[in-house]
Amino acid sequence: MDDELPQNSRSRSDGTTIRLADIAAQAGVSEATVSRVLNGKPSVSQSTRQAVLTALDLMGYERPQRLRQRSNGLIGLVTPELDNPIFPAFAQAIEKALTQHGYTPVLCTQLPGGAPEDEFTELLMDRGVSGIVFVSGLHADTTAKMDRYSRLIERGLPIVLLDGYSERVEAPFISPDDRAAARLAVQHLADLGHERIGLAVGPRRFVPVIRKIEGYRQAMSQLLGVTEVDGWISHSLFSVEGGQAAAAQLLARGCTGIVCASDLMALGAIRACRDRGLSVPGEVSVVGFDDSPLIAFTDPPLTTVRKPIGAMASAAVATLLEEINGVRAKHVELMFQPELVVRRSTGSGPLVKGTR
C-alpha cells in the first residue's frame, strides 16, 4: 500500500510530502483507515471519516478534490481582541466544531477603537449568516443595552452567547461557573496557609467579575471567617498592566495570596511582586484564571483555574445548530465547571511557614 496521499494532494504549500502515518497519528486511527477515507471507500463510520478530514485540515493539508464538501452555510463568530490568548483558543475550538458540522465560520475580532459589535453584526447579517456566536460581548456588560440581541432574535437569527448573562435576552448562554472558580482559588490558597488573600479583577460592571466577587466573598467567609473583604478586592483592566496595578494595591494592603481574574492579570501580578523584591511563590502566591495556551511555560509556571474551553465551544455550536434546525431557542444558561490546575506560582503561606 502506498503510504502517501493521492497525487492531487501530496504536497503542502511548503513543498513537504504528506504521509498517511502523519494523518493517522493526528486522527488517532490506522493508516489503512486513512487510506479508505481518502480513496472514498465504504465501511468507514461518519465520525471516523470526519476525524480524518479534520486531521487533514488541522495539519494544513489540502483535501483531495472529491472530498471537498460544500458549506452548509456561514456562521458568524464575534470575539474581543486576540491579544488575550484565551480568545484565540475559543475561536479555534468553535471554528473546529463548526467545520466538523460542515459550516464555514466568519471571524470578527473587536479591536480597541475599531468596529463595534453592532457594526460587525450588521456586516454578518448582510453576508447571510445562519447564526452568530458572541464571545464575551456586550451581553457580559451590565450597563449595555440588551435590545440589540432581542432584535436579532425577533428577526429570526439564531444566536448563542458565551461568557456573560442577562435576564433580558431570551437566548441560550454558555458560561463557566465563575463563583466556583473563585472558591477553588481561595480554597487552594487557604489550604496552603494564606489568610490575607486578595482578588484582582476587571471592571465591576461585567457579569463574570460580579460572579467571581460573589464566590470570593463566600469562600473567604466560610473558609477563613473573614467577612470584611472590600479592601482586598482591586479592580483594573483585564491585561498584564491591569494585573500589575491591581496587585500593587493588594500587596500594599499586606496580601500574601492573590487570585486573578485572568492569566494575563496573573502575569502582571507576578511582575508587581518582583518590582517589590518579593519572590513568587516564596513570599507571595498567585493564581490565574483561564489556563491559556503556553501559560504552563511561564516563570514560574502559573497555578490557574482552567476554563473548560472545549466543552463550552462544543455546547455553543451544538446549541446554535439546534436553533438553525428549527428547535426554538430557550432562555437557559449552561454552566460549566472549572478545574484548579496547580503549578509552581503558589506555595506555603505565613501560617504554614510559621509552624515549621
Side-chain angles (χ1 to χ4, degrees), residues 1-75 77 85-107 130-131 133 160 162 174 290-297 301 306-322 324-325 334 336-339 341 343:
M1 179 184 69
D2 183 10
D3 65 348
E4 295 181 356
L5 300 186
Q7 184 65 39
N8 66 345
S9 186
R10 178 168 295 177
S11 296
R12 295 177 49 160
S13 59
D14 59 6
T16 58
T17 301
I18 312 165
R19 303 180 70 84
L20 290 184
D22 301 330
I23 304 302
Q26 175 70 27
V29 299
S30 68
E31 294 181 35
T33 297
V34 174
S35 179
R36 286 198 295 272
V37 170
L38 297 178
N39 288 288
K41 302 296 184 182
S43 72
V44 179
S45 70
Q46 182 59 36
S47 60
T48 299
R49 187 181 306 277
Q50 189 59 56
V52 172
L53 296 179
T54 300
L56 277 174
D57 297 338
L58 291 175
M59 297 179 74
Y61 300 151
E62 186 178 354
R63 293 188 184 189
Q65 185 66 41
R66 62 177 173 277
L67 297 180
R68 298 176 194 171
Q69 300 176 342
R70 291 191 60 186
S71 173
N72 289 330
L74 302 177
I75 300 292
L77 174 56
I86 196 64
F87 296 127
F90 257 129
Q92 184 178 38
I94 293 170
E95 289 179 346
K96 178 181 177 182
L98 288 171
T99 301
Q100 288 176 338
H101 287 90
Y103 285 85
T104 301
V106 180
L107 178 63
S130 301
V133 178
V160 174
L162 272 74
I174 310 292
D290 284 335
D291 197 26
S292 312
L294 303 180
I295 211 66
F297 304 101
R306 177 178 294 157
K307 183 182 290 185
I309 296 173
M312 290 176 63
S314 295
V317 170
T319 302
L320 187 70
L321 295 187
E322 284 185 354
I324 292 173
N325 292 325
L334 303 180
F336 288 79
Q337 293 304 304
E339 174 189 359
V341 181
R343 298 192 179 102

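Keep in mind that this is a model prediction, so the values were computed, not measured.
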I need the Leu107 CG to Gln92 CD distance, nearest 0.5 Å. 11.5 Å

Heavy-atom closest pair, residues Ala93 and Ala313: CB-CB, 3.6 Å

Shortest non-hydrogen pair, Pro308 vs Gln337, comes out as CG-O, 3.7 Å

Are Val29 and Val34 close enough, and set up right, to give a side chain to side chain contact (heavy atoms under 4.5 Å, CB included), and what steps lead you there? CA-CA 7 Å; Val29 299; Val34 174; 3.7 Å; yes

How about Thr54 and Thr99: do any of their side-chain heavy atoms sit closer than 4.5 Å? no

Does any N or O in the side chain of Ser45 come within less than 3.5 Å of the main-chain N or O of Thr48, such that one atom is a donor and the other an acceptor? yes

How long is the span from the CD1 atom in Ile75 to the CG atom in Leu98, to the nearest 0.5 Å? 6.0 Å

Testing the basics here: between Ala296 and Pro301, what is the closest heavy-atom pair and its distance to 0.1 Å? O-CB, 3.2 Å

CD1/Ile295 to CZ/Arg306 distance, rounded to the nearest 0.5 angstrom? 12.0 Å

Within a strict 4.5 Å, meaning less than it, do heavy atoms of the Val317 and Lys96 side chains meet? no

Sort out for me which residue in Val52, Ile23, Leu20 forms a side-chain contact (heavy atoms from CB on, under 4.5 Å) with Ser35. Leu20

Indicate the atoms forming the closest heavy-atom contact of Arg49 with Lys41, along with that distance. NH2-O, 3.3 Å

d(Leu38 CG, Leu53 CG) to nearest 0.5 Å is 7.5 Å

Least distance between heavy atoms, Glu31 atom then Ala21 atom: OE2-CB, 3.6 Å

Point-to-point distance, once rounded to the nearest 0.5 Å, from CD1 of Ile309 to OG of Ser292: 7.0 Å

Between Val160 and Ala316, the two heavy atoms sitting closest are CG2-O, 3.8 Å

Rounded to the nearest 0.5 Å, how far apart are CG of Asp290 and CZ of Phe87? 7.5 Å

